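Note sheet for the following structure.
Computed from a predicted structure; not experimentally measured. Every number for a ligand or one of its atoms is a count from 1 in the order of the listing.
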Amino acid sequence: MTYASTRGTVSGVQFSEAVLKGIAPDGGLFIPEEPVRFDSLEIATMSEMNYKDLAKTIFSRYATDFTEEELDTCVEHAYGSESAFPETVAPLSFVTDTLSVLELWHGPTSAFKDMALQILPEFMSVALKKHPREDGKARQIAILTATSGDTGKAALEGFKDVDGIRIMVFYPENGVSEMQKYQMITQEGSNVRVMAVRGNFDDAQTGVKKIFTDDALNQEFNARGFELSSANSINIGRLLPQIVYYYYAYFTLVRNEKVKLGTKVNFVVPTGNFGNILACYYAMKSGLPVNRIICATNDNCVVSDFINTGTYDANRPFNLTISPAMDILVSSNLERLLYHASGENVKMIGKIMDELKTAGVYSVDRKTLANISTVFWADSGTETETMETIRSVYKEDQYLIDPHTAVGLNVYDKYVISTGDMTQAVAVSTASPFKFNKSVLQAVSEDTLKEMTEFEMLTVLSEKTGCAIPTPLTGLDQKPVLHSGVCDVEKMRDAVSDFLK
Ligand SMILES: *Cc1c(COP(=O)(O)O)cnc(C)c1O
């Protein structure tokens, strides 16, 4: 298997190279050059596997330059007995007769990004060894990230103590929640550093981008043996692990006699940067029996509008919502879907991505849109609807969900009302309700909330609902603070330089 760019000028790239590069040199995203297809016999065999074996089987078709032993090690480190995950990794909760919820938040940071960020560093570490530097020096990657909260922590947990990699995370000093801050400043690991920035998220993000584009600085780091890299969600090494849990969820349904092997099901995915839902599409293309993929967005409904109209228009206000991980105007992974749905029309992709950059808007032709509409159905949920969904699902089904998951379930209701389709459905749950405990507590609580810290709310929510607080979130405020550094935006480059000594 090799990888090519969605923009058409790069091809024949090995998986390990694509993982190290992240983005293709022409600005496009890496896509598999050969279709992967599991036949019904293979699917029957896969249906009996545990999560780790299933992951290895799927990876072996995409990461063909990794040996079996290498894949084994990667998977064992990420999802094995030493990991934070339970043995099932991604358990399914049967909420109603026709609807199950796939819980992707049993990893070390209690949110879905762990599913991919626990294994991407393992892929990178193997890839580094396959591509040594020409001058014979040990190759080292330095991951730099600015975070508005959750991604930074998930990256830190994934990259901590991984061979050949260091990671530095910047967060806005007053722009993250108390719990998010504690998750980061108590971060352990010999290769990590966390620094607060005096400014907002955009300032921190701009600061990081400046470091990435500073040629002289990059040369200096290079001379010290370091290459800067990011770990964002367009990396093919983040997409691949997400395919696995769609198969796993389906096989869990089969094992519990909710569907017969081969019967199609619907998936509902709360969507932001389109990574999670694209993995569902890849699962379907490779043989998973899928009927409809339901795309759920919040008030930042640029993607669902696109699926319904064929026009992607980022010229609109940016809304801060209670499902912040889906607050987005430019949804990067959509480019991969456009590539497949347009019949691999790389010229068109290059053109519309230019239009997006310069004008903030593009439209696709009717055929491409029709190809998308036969698979995807999309709508959005408002803030009020999201809160109402948390309340009603808790009351009627005794199941506690976070705001991101609630957006998905709200849109699923709309889907059923609009189409009458009662096909077995799996809704993807992307965060533990305890991770966004303020909104969740507000939704399920009859009495008005008194002044409480987020840490107190954890206990109150747990007592009220009888649900256990996830281990990664307990005792956080008692852990030793290991990262107390604060810097100005202008000093971020010095902070990185100091870290990469
Ligand atoms: C990142 C994230 C999403 C959005 O996933 P995409 O792959 O970006 O579409 C949804 N919910 C949570 C909790 C997330 O962290």
Could you check whether any side-chain N or O of [X] sits under 3.5 Å from a backbone N or O of [Y], counting only pairs where one atom can act as donor and the other as acceptor?
X: R238; Y: G275; result: no
X: D397; Y: Y399; result: no
X: T374; Y: N371; result: yes

Decide whether a cation-pi geometry holds between R166 and F159; the criteria are a distance under 6.0 Å from NZ or CZ to the six-membered ring centre and an angle within 45° of the ring axis.
no

Taking only residues two or more places apart in sequence or in another chain, which ones pass salt bridge (Lys or Arg N to Asp or Glu O under 4.0 Å) with D150?
K435

Calculate, to the nearest 0.5 Å, the distance between atoms OG and CD1 belonging to S230 and I143 respectively.
7.0 Å

What short N/O contacts, under 3.5 Å, does ligand 1 make with the protein, listed by atom pair and distance?
from	atom 1	to	atom 2	distance (Å)
ligand 1	7 (O)	G275	N	3.1
ligand 1	7 (O)	N276	N	2.9
ligand 1	8 (O)	N273	N	2.7
ligand 1	9 (O)	G272	N	2.8
ligand 1	9 (O)	N273	N	3.1
ligand 1	9 (O)	F274	N	3.0
ligand 1	11 (N)	T430	OG1	2.8
ligand 1	15 (O)	K113	NZ	2.5

